[in-house]
Amino acid sequence: MPELPEVEAYRTLAERALDRPITEVHAPDAWFLKRGLTPEVVTAELDGRRLVAARRIGKQLLLDTSDDGPTLGLHFGMAGRLVVDETTAVTDLVYSPNDANPAWDRFGLRFADGGQLMVRDSRRLGAVELDPDEARLGPDARSVSASQLRDLLAGSQAPVKARLMDQSRLAGVGNLIADETLWRAGLDPARSAASLEPADVRRLHKHLRAVLEDFIAGGGSHTGSLQEQRHREGVCPRCGTPLLRRTVGGRTTFSCPRHQPAL
DNA sequence: CTCGACTCCTGTTAGC
DNA sequence: TGCTAACAGGAGTCGA
């Protein structure tokens, strides 16, 4: 997906959709609805209500509804976008087409004033559910404390990168944020989480926070220093050393063998 | 419980 | 130019 910074932009955009009566629910793709939700049920639950708050936990967008209605949970998968009244929050989304294709409109709400909120996802890896279990997500990466980060890394033999991307322990970090953060912090993504020293964790925390704020301010997860070097001939932006490309935690991973040495 | 492999889906791109 | 295979910012499930 869209990682945390993109979903934060979606959340801000979704605020434009608040307090507008819902007159129609567009759910043409039943497969896109999860946890047993059907087009009939989601229509009955949302029709006539209004969105009253736009929240975000990690990569999950949560839209609360009026009159004690359900919370609408939106996931954007790897290519999903949010569109409100034909305005898109994020213009450049790597690995996702920019064009508007009606067939990619997987779920949407029509408002009484004629406007709309739409989830546009070419790849169908996004999801819509009602009253998602918010407890399944770890603390949001934008506000995670240093001690929380220390605790969620402690004792794990999994690669530190895999641990950072485990949404049940830390919500919001995806592949690009993980690589950029570990690169800035000078940590090998494949090191076991438990092998980090206290100073490593403090540095990681500092850079994680900085990367997130940079990406939120700068327009997305693709704006990192490492991003333009994310290809087979890529070199370290800092020292020019050819980047190491491998799979860590099941995801394509780029790192500088010089600044991010293995133990 | 923890962790890695596999799977879902489809548009783009690299390579023959 | 055209076809095919690999690959992609995510995450759920299964099994060792």
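Since this is a predicted model, take the numbers as computed values, not measurements. Here is the naming used below: chain letters follow the sequence lines, and residue numbers restart at 1 for every chain.
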Interatomic distance, [X] [atom1] vs [N] [atom2] [rounded to whole Å]:
X       : N       : atom1 : atom2 : value
H222(A) : dA8(C)  : NE2   : P     : 18 Å
D133(A) : dA11(C) : CG    : C1'   : 15 Å
H75(A)  : dG12(C) : NE2   : P     : 6 Å
E6(A)   : dA8(C)  : CD    : C1'   : 14 Å
D179(A) : dA8(C)  : CG    : C1'   : 14 Å
E233(A) : dA14(B) : CD    : P     : 11 Å
L61(A)  : dA11(C) : CG    : P     : 13 Å
W104(A) : dT10(B) : CH2   : C1'   : 9 Å

Pairwise N/O distances under 3.5 Å, protein to nucleotides 5-9 of chain B:
residue, atom, partner, partner atom, Å
dC9(B), O3', R124(A), NH1, 3.2
dC9(B), O2, R123(A), O, 3.2
dC9(B), O2, R123(A), NE, 3.3

### Task
Could you walk me through whether D140(A) and R56(A) pass the salt bridge (charged side-chain N to carboxylate O under 4.0 Å, His left out) test, one step at a time?
CA-CA 9 Å; D140(A) 187 79; R56(A) 180 191 59 72; 2.6 Å; yes
### Query
To the nearest 0.5 Å, how far apart are SG in C256(A) and CZ in R238(A)?
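C256(A) SG to R238(A) CZ: 7.5 Å, rounded to 0.5 Å.
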### Query
Roughly how far, to the nearest 0.5 Å, is CZ of R81(A) from CD of E6(A)?
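If we round to the nearest 0.5 Å, E6(A):CD and R81(A):CZ are 10.0 Å apart.
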Smallest separation among heavy atoms of [X] and [Y], with atom names:
X       : Y      : answer
L33(A)  : A27(A) : CD1-CB, 4.4 Å
N175(A) : E3(A)  : N-OE2, 3.6 Å
L63(A)  : A14(A) : CD2-CB, 4.0 Å

For the residue pair [Y] / [X], report whether a side-chain donor-acceptor contact shorter than 3.5 Å exists.
X       : Y       : answer
S192(A) : R163(A) : no
D85(A)  : T87(A)  : no
Q60(A)  : R136(A) : yes

### Given dA11(C), dG4(B), dG11(B), the nucleotide with the shortest approach to the side chain of A158(A)
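Shortest atom-to-atom distance from the side chain points to dG4(B).
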### Query
Do R230(A) and D179(A) pass the salt bridge (charged side-chain N to carboxylate O under 4.0 Å, His left out) test, and can you show the C-alpha distance, the side-chain angles, and the key distance before you say yes or no?
CA-CA 10 Å; R230(A) 265 185 103 73; D179(A) 274 10; 2.7 Å; yes
### Message
How about CZ on R258(A), more than 12 heavy atoms from neighbouring residues, nucleotides or ligands closer than 6.0 Å, or not?
### Response
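12 or below, so no.
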### Message
Just checking N101(A): does its CG atom have more than 12 heavy atoms from other residues, nucleotides or ligands closer to it than 6.0 angstrom?
### Response
yes
### Task
Tell me the stems DNA chain B sits in, counting at least three consecutive Watson-Crick or G-U wobble pairs, each under 3.5 Å on both distances.
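Only these stems qualify: B:2-8 with C:10-16, B:10-16 with C:2-8.
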#### Entry: salt bridge (charged side-chain N to carboxylate O under 4.0 Å, His left out) assessment of R209(A) paired with E213(A)
CA-CA 6 Å; R209(A) 301 289 296 267; E213(A) 295 311 313; 5.4 Å; no
### K34(A) vs V128(A) side-chain heavy atoms within contact, under 4.5 Å
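The answer is no; the side chains never approach within 4.5 Å.
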### Query
Which of residues 161-172 of chain A have a heavy atom under 4.0 Å from DNA chain B?
R163(A), R169(A)
### Message
At a heavy-atom distance below 4.0 Å, what parts of residues 134-152 of chain A sit against DNA chain B?
### Response
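Within residues 134-152 of chain A, no residue comes under 4.0 Å of DNA chain B.
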Got a list of protein N/O to nucleotides 4-7 of chain C N/O distances below 3.5 Å?
residue, atom, partner, partner atom, Å
dC7(C), OP1, R232(A), NH2, 3.4

### Message
Does dC3(B) have OP1 or OP2 under 4.0 Å away from a side-chain N or O of S156(A)?
### Response
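So the side chain of S156(A) is within the cut-off, an N or O lying under 4.0 Å from OP1 or OP2 of dC3(B).
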### Message
Donor-acceptor pair, distance only, cut-off 3.5 Å: does the side chain of T43(A) make one with the backbone of V41(A)?
### Response
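Not a single qualifying donor-acceptor pair exists.
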### Message
Please give the distance between the P atoms of dG12(C) and dG11(B) as a whole number of Å.
### Response
23 Å
### Summary
Members sharing W183(A)'s hydrophobic cluster, built from side-chain contacts under 4.5 Å between Ile, Leu, Val, Met, Phe, Trp and Tyr, are L226(A), L243(A), F254(A)
